[in-house]
Trainee: 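Have a look at the structure that comes next, please.
Chain identifiers are assigned alphabetically (A, B, ...) following the order of the sequence lines, protein sequences preceding nucleic acid strands; residue numbering begins at 1 within each chain. As the structure is a computational prediction, the values presented were derived from the model and not from experiment.
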Amino acid sequence: MNQLFKWAGWLLLSLLGAAALGVIALNRGESVSAIWIVIAAVCVYLVAFRFYSLFIANRVLKLDATRMTPAYKHNDGLDHVPTNKYVLFGHHFAAIAGAGPLVGPILAAQMGYLPSMLWLLAGVVFAGAVQDFIVLFISTRRDARSLGDLIKSELGQTPGMIALFGAFFIMLILLAVLSLIVVKALAESPWGTFTVAATIPIAMFMGVYSRYFRPCAIAEVSLIGFALLILSIIAGQYVQADPAWAAMFSATGEQLTWILIGYGFIASVLPVWLLLAPRDYLSTFLKIGTIVGLAIGVVIISPELKMPALTQFTDGTGPVWSGDLFPFLFVTVACGAISGFHSLIASGTTPKMIRNETDARFIGYGAMLMESFVAIMALVAAASLEPGIYFTMNSPAAIIGTTAESAVQTISQWGFHITPEMITQTAQNVGEHSIISRAGGAPTLAVGMAQILSKVVGDTGMMAFWYHFAILFEALFILTAVDAGTRAGRFMLQDLLGLFMPAMKKTDSLPASLIATGVCVSGWGYFLYQGVIDPLGGINTLWPLFGIANQMLAGIALILCTCVLFRMKRDHFAWVTVIPAAWVYTCTLAAAWQKIFHDNPRIGFLAHAKKYQDAVARDTVLAPAKSIGQMQQVIFNDYINTALTALFMAVLVSILVFGVRAVLQARMAACPTTREAPFELLPVYAVIEK
Amino acid sequence: MADNKLNRIGKRFAQSLRLMIGVPEYSAYVEHMKNAHHGQAIMSREAFFRERMEARYGGKGRMNRCC
């Protein structure tokens with residue numbers, strides 16, 4: 001009887017989800033309430049978790065509750081600590097959630113909310129969460145080793161090196177695109193620049209306070225820091241109003257770029273307790289708090305979605321980024337559906353703390369479902385804006401011009417209702433001089449969040465506060481990522497260079513680490529600068545490159561998972577990872593190919609270079625270049641981007657070849673050939689503790 | 001009964017927040033050292049906290065957060 005009730009419950013839940021999807025799909029032409037998207041998403045997640053992840057756990061991977069885990073085997077009370085699964089879930093989710101799932105869906109919204117929503121749901125259930133779960137499982141069974149090590153042992157030494165090499169370039173592109181988001185949000189905005197700049201002394205104060213006065217008092221120091229942050233948002237308003245102060249904190253995109261590059265260099269060589277650690281406390285707690293707050297806001301307010309389900313830009317002519325729905329939607333949405341970066345997290349800290357192998361399902365699959373939900377909320381925030389405002393904020397100046405009138409003229413031609421008053425009113429509401437061409441996702445999300453949150457707390461008068469709060473929240477964790485990423489990139493580089501020059505390997509040598517830091521900073525700084533001066537907004541070039549890099553890593557991780565399934569002799573279940581791997585490979589390779597060879601200069605790098613070369617031959621100067629020398633620079637950038645994209649393709653193809661070889665070897669063997677840590681029983685007390 | 005449960009949830013929530021910034025339970029560490037490495041020096045709470053901070057941020061090329 002009980003059983004019957006359970007099944008009836010799941011049936012009802014599935015029907016509810018299907019009905020919500022039906023409302024969204026059939027209700028064309030009228031605006032739909034966001035609550036339907038939330039209901040559809042939650043039902044899909046619950047059903048997928050209950051059935052598909054259980055199928056993977058019990059039938060495909062055969063998780064063994066009695067098997068030893070690294071947390072018990074190597075317990076040291078520090079890195080290896082058996083941890084309650086709910087506690088660990090929070091840790092894992094905080095590590096995987098970042099700017100990616102927020103920005104991707106906002107940019108993808110130019111095609112309407114429907115394509116992104118469908119991919120966010122289907123992608124997470126069949127690809128993203130599967131990848132996170134299986135990588136976590138693989139690493140847990142192999143003494144919590146890292147992705148590079150896992151590839152080395154399951155696929156071979158060479159593919160392991162190739163993957164590490166690829167990971168370094170992903171890091172550069174990631175840091176460049178994250179910094180670009182900050183530059184786009186802060187350019188010519190004294191209020192925003194002041195509050196973000198204020199985080200540096202605030203964090204340093206927290207660092208000194210907790211180092212010398214109150215060590216270990218994390219909660220106390222974080223609360224003090226949070227109070228100071230709120231004060232800095234309020235003070236920012238007065239900075240903006242005062243001409244002298246406003247001039248001091250008003251910087252152009254190019255100036256901000258140099259400031260960020262300098263900041264990245266200095267911050268990553270400072271002692272960690274001074275700046276990085278305290279700011280990480282603020283950014284981590286603020287991130288979790290804001291995500292919860294946004295979820296509550298979306299559910300309570302459940303805004304109307306003003307963006308159409310599908311726009312005319314599904315044909316690839318969109319202003320925000322160019323390219324057809326296939327393959328570019330999939331590399332643009334990226335993180336919220338499947339993110340390759342998670343395979344680095346799932347094979348690092350988390351498996352060292354997992355108490356029981358069976359927890360991998362809740363932590364790996366579950367946390368990724370949460371991340372997808374964050375992406376859905378970002379999509380809702382973007383789609384609840386007037387489409388006219390959305391396109392004003394996200395179209396590059398080269399297309400809509402720099403004044404409200406020129407923007408209105410172009411955007412009305414696309415068929416979206418917009419007036420100059422709407423643009424100036426929105427800018428005034430959020431306390432900014434202009435909202436035109438603020439691509440990059442953060443400002444759009446901030447306006448969307450400000451509209452939602454100001455309806456919960458405050459009124460239109462509070463919108464400016466919420467807008468700058470949202471900008472601060474994103475800038476805070478992006479700057480932390482820039483700082484931590486530059487450090488990590490420096491160590492990666494020293495490792496790689498150390499293979500050829502032993503002197504570079506010494507991580508405690510000051511010259512070696514300064515050189516490596518310098519190389520790392522100039523690497524991402526180069527792409528950042530190129531993005532900032534691009535008249536098409538930079539996001540147009542850098543975000544697809546980032547998406548391709550990220551999906552490339554996902555492809556590599558899924559190949560690893562596939563090889564392991566074959567080595568475990570679970571051939572008949574290999575489709576669980578083969579299908580997502582094939583899809584990710586198809587999208588990523590197609591996107592990379594088009595980025596290089598497409599004959600539209602807005603998509604293909606080579607076509608873009610050719611356009612400039614032809615102009616140079618005719619001795620004409622094309623914007624943004626102001627001289628023939630700058631034209632040469634643009635052409636050179638195109639070739640650099642081409643080479644990088646080609647490198648990503650080469651990494652993907654070579655890993656595929658090594659993967660197929662490993663699979664064939666595994667199939668020829670008569671018995672399992674996995675390289676798992678030898679089987680041991682979990683100690684009795686561990687089973688009782690559970 | 002309900003109080004107890006709320007207490008436990010609160011405690012786990014706090015644990016999770018601390019773990020997010022790389023600080024596991026100090027009491028678990030002390031207990032582990034007492035049981036498994038009897039007689040070895042145990043770090044003070046402060047030393048433990050510093051050691052964890054260095055391990056998280058000083059990292060050896062480890063990226064412990066995502067995009």
Trainee: Name the option with the most non-hydrogen atom pairs under 4.5 Å to chain B; the candidates are A:Gln494, A:Met353, A:Arg490.
Mentor: A:Met353
Trainee: Using non-hydrogen atoms and a 4.5 Å limit, figure out which bit of A:Ile218 sits close to chain B: side chain, backbone, both or neither.
Mentor: side chain
Trainee: Flag the one option from A:Ala277, A:Pro271, A:Ala167, A:Ser222 with the top tally of heavy-atom pairs under 4.5 Å to chain B.
Mentor: A:Ala277
Trainee: If you tally heavy-atom pairs under 4.5 Å against chain B, which of A:Ile170, A:Asp76, A:Val81 wins?
Mentor: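 Ranked by heavy-atom pairs under 4.5 Å with chain B, first place is A:Asp76.
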Trainee: Is it the case that atom CZ in A:Phe168 sees more than 12 heavy atoms from other parts of the structure closer than 6.0 Å?
Mentor: yes
Trainee: So which residue, A:Phe89, A:Tyr281, A:Tyr86, ends up with the most heavy-atom pairs under 4.5 Å with chain B?
Mentor: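 Most pairs with chain B among the choices: A:Tyr281.
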Trainee: More than 12 foreign heavy atoms under 6.0 Å from NZ of A:Lys73: is that the case here?
Mentor: yes
Trainee: Tell me whether B:Arg56 is salt-bridged to A:Asp79, with the criterion being a basic N under 4.0 Å from an acidic carboxylate O.
Mentor: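 Not counted as a salt bridge, because no side-chain N and carboxylate O are separated by less than 4.0 Å.
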Trainee: Strictly less than 4.5 Å between heavy atoms, which residues of residues 25-36 of chain B line up against chain A? Please order them by number.
Mentor: B:Tyr29, B:His32
Trainee: Go through the atoms of A:Asn84 and report whether side chain, backbone, both or neither lie under 4.5 Å from a heavy atom of chain B.
Mentor: side chain
Trainee: Is it the backbone or the side chain of A:Thr83 that comes under 4.5 Å from a heavy atom of chain B, or both, or neither?
Mentor: side chain
Trainee: Of all heavy-atom pairs between B:Phe48 and A:Gly77, which one has the smallest distance, and what is that distance?
Mentor: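 Of all heavy-atom pairs spanning B:Phe48 and A:Gly77, the closest is CE1-O, 3.8 Å.
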Trainee: Enter the distance from A:Asp483:CG to B:Tyr57:OH here, rounded to the nearest 0.5 Å.
Mentor: 10.5 Å
Trainee: Select all residues of residues 11-24 of chain B having any heavy atom within less than 4.5 Å of some heavy atom of chain A, and report them by number, or 'none'.
Mentor: B:Arg12, B:Gln15, B:Ser16, B:Leu17, B:Arg18, B:Leu19, B:Met20, B:Ile21, B:Val23, B:Pro24
Trainee: For the CZ atom of B:Arg50 and the OG atom of A:Ser210, what is their distance to the nearest 0.5 Å?
Mentor: 9.0 Å
Trainee: So which of A:Thr284, A:Val272, A:Asp280 has the largest heavy-atom pair count under 4.5 angstrom toward chain B?
Mentor: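 That would be A:Asp280.
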